[in-house]
Amino acid sequence: MQTQFTSRFAFLMVTAGAAVGLGNIWAFPFVAGQSGGSGFIAIYLVALLVLAAPAMICELVLGRMGQASPPTALARVKVENTGKGPWSLFGWSGLAVNILVLSFYAVIAGQAAYFGYYAFSEGFSSMQPSAISALDNGFKINMNLSMLWTILFLGATLTIVSLNITKGIENAGRYLMPSLFVLLIGLALYSMSIGNAKAALNFLFGMDSFSLTTGVFMAAVGQAFFTLSVGICSLMMYGAYMGKDIHLPKAVSWIVLMDLMVAIIAGLVIFPLVFASDVTPDAGPGLIFMTLPLLFAKLPAGDAVATFFFLMLTVAALTSSISMMAPVVARLEEAGLRRITGAFIVAGIAFVLSFMTILSFGPMYDYYPLEMFEATAELNMFELLREGINNIYLPLGGLAFTLLVGWGVRKENLRRGFNIEEGPLFSILHWIIKYLTPFLLLVMIAGIWL
Ligand code: PHE
């Protein structure tokens with residue numbers, strides 16, 4: 001493998017950059033809002049720690065041991081260990097799902113970029129709340145606009161991936177994370193001072209609104225996997241690029257912590273605004289686009305801050321979309337294609353598939369393809385896609401990785417893959433990966449099916 005990250009810090013920032021994205025700032029608030037707040041957050045926290053984080057370690061270590069694109073890496077690790085089981089199947093299906101995720105991710109990221117452009121060229125400062133909701137709606141209904149910004153975003157992803165600028169990705173990650181943190185904390189403080197902080201805190205952490213249903217449970221687990229990018233082999237690719245000196249469990253702990261903080265702070269930016277406006281918590285995917293401009297409209301120098309914020313959100317989305325495209329392109333490269341050809345193919349397919357999302361936001365918002373089943377009767381194409389991937393495919397992918405690593409990799413190979421010493425940390429981790437996480441995931445899957 002020719003590419004390697006240049007330092008431990010670079011690996012950490014780039015992988016954190018891949019994990020932190022629209023999942024934290026766009027999806028976390030809107031899914032928490034739809035799922036009623038604190039009950040969702042409680043399950044989300046548990047799922048993050050006991051399900052998604054161990055699966056993340058497994059996915060990274062598979063890439064690190066396999067040193068190639070996901071299907072190839074899995075096939076190699078299989079040969080070096082038990083030699084049994086359909087390993088690379090999960091690599092292939094992961095690649096396919098990566099393109100599907102990219103297809104809806106690019107539409108939302110395009111909207112974030114458009115909002116940045118709008119803040120810069122027109123500004124939110126004189127806008128009334130009704131005009132702000134109309135802006136969100138207008139973007140969605142005007143399909144030419146959403147197509148244009150989706151293409152621009154896919155084009156940016158394609159360019160970075162085909163130039164293979166590890167350096168560029170590294171620098172983006174290095175500066176992005178710290179600046180994103182500072183900006184979000186500042187915005188959260190401001191939002192809590194002008195909005196309804198009490199209602200927000202109560203909604204997110206209080207017991208009044210605590211409620212749990214199967215739907216909330218699945219949404220929380222799905223969100224935990226999505227936010228850490230676990231289950232579709234995009235992290236596996238970064239595992240292959242990781243340097244030899246990295247202590248894997250420690251690195252993952254840092255990434256999980258950063259990811260969680262960004263999501264919680266994003267919640268503290270959004271919900272005080274929600275409870276001080278006419279927007280309801282369950283407003284859906286438009287939630288951040290309907291509430292954030294309300295804040296920027298009041299903030300001193302709000303349009304400059306808004307431009308900067310949406311720019312950073314777009315860059316955060318880019319560092320994630322790169323991680324979706326990179327493994328597919330790496331596999332096409334192994335098949336003899338040039339990087340740029342591979343990147344065009346992936347972006348082209350993602351663009352065609354993005355119509356499922358663009359149409360669901362526009363004229364086909366009430367087209368429910370799986371109307372005949374009770375559970376999916378009111379889900380349009382975008383919702384089926386997003387929820388099917390997050391709540392079903394990703395946990396299954398995570399389960400597959402824990403089973404492969406826990407049961408299929410020799411202990412000594414695994415210890416070397418983690419780059420840790422023989423000792424209690426390794427034994428505990430091995431127990432979690434071999435028994436605890438897969439057992440809980442299996443119980444959960446069985447519980448939902450039965
Ligand atoms: N974790 C990314 C986010 O939170 C999304 C993602 C999912 C990226 C799966 C890659 C693979 O935005």
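Quick note: residue numbers are just sequence positions, from 1. As the structure lists them, so they are numbered: ligands from 1, and atoms in each ligand from 1. Fair warning: this is a prediction, and the values are worked out from it, not measured in the lab.
- Around the CZ atom of Phe439, the shell of radius 6.0 Å holds no more than 12 heavy atoms that belong to other residues, nucleotides or ligands.
- Looking only at atom types and distance, the side chain of Asp245 has no donor-acceptor partner in the side chain of Asn419 under 3.5 Å away.
- Scored by the salt bridge (Lys or Arg N to Asp or Glu O under 4.0 Å) test, Lys140 finds Asp136 as partners (sequence neighbours excluded).
- Shown are Phe124, Phe309, Trp149, Phe296; of these, the side chain to side chain contact (heavy atoms under 4.5 Å, CB included) with Phe115 is made only by Phe124.
- Between Asn98 and Pro327 there is a side-chain heavy-atom pair separated by less than 4.5 Å.
- Defined by atom type and a distance below 3.5 Å, a donor-acceptor pair is present between the side-chain atoms of Ser93 and Tyr393.
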Identify the protein atoms, limited to N or O, that lie within less than 3.5 Å of an N or O atom of ligand 1, and list each pair with its distance to 0.1 Å.
residue: ligand 1; atom: 1 (N); partner: Ala19; partner atom: O; Å: 2.9
residue: ligand 1; atom: 1 (N); partner: Phe226; partner atom: O; Å: 2.8
residue: ligand 1; atom: 1 (N); partner: Thr227; partner atom: O; Å: 3.1
residue: ligand 1; atom: 1 (N); partner: Ser229; partner atom: OG; Å: 2.8
residue: ligand 1; atom: 4 (O); partner: Ala19; partner atom: O; Å: 2.9
residue: ligand 1; atom: 4 (O); partner: Gly23; partner atom: N; Å: 3.3
residue: ligand 1; atom: 4 (O); partner: Asn24; partner atom: OD1; Å: 3.3
residue: ligand 1; atom: 12 (O); partner: Leu22; partner atom: N; Å: 3.1
residue: ligand 1; atom: 12 (O); partner: Gly23; partner atom: N; Å: 2.8
residue: ligand 1; atom: 12 (O); partner: Tyr105; partner atom: OH; Å: 2.5

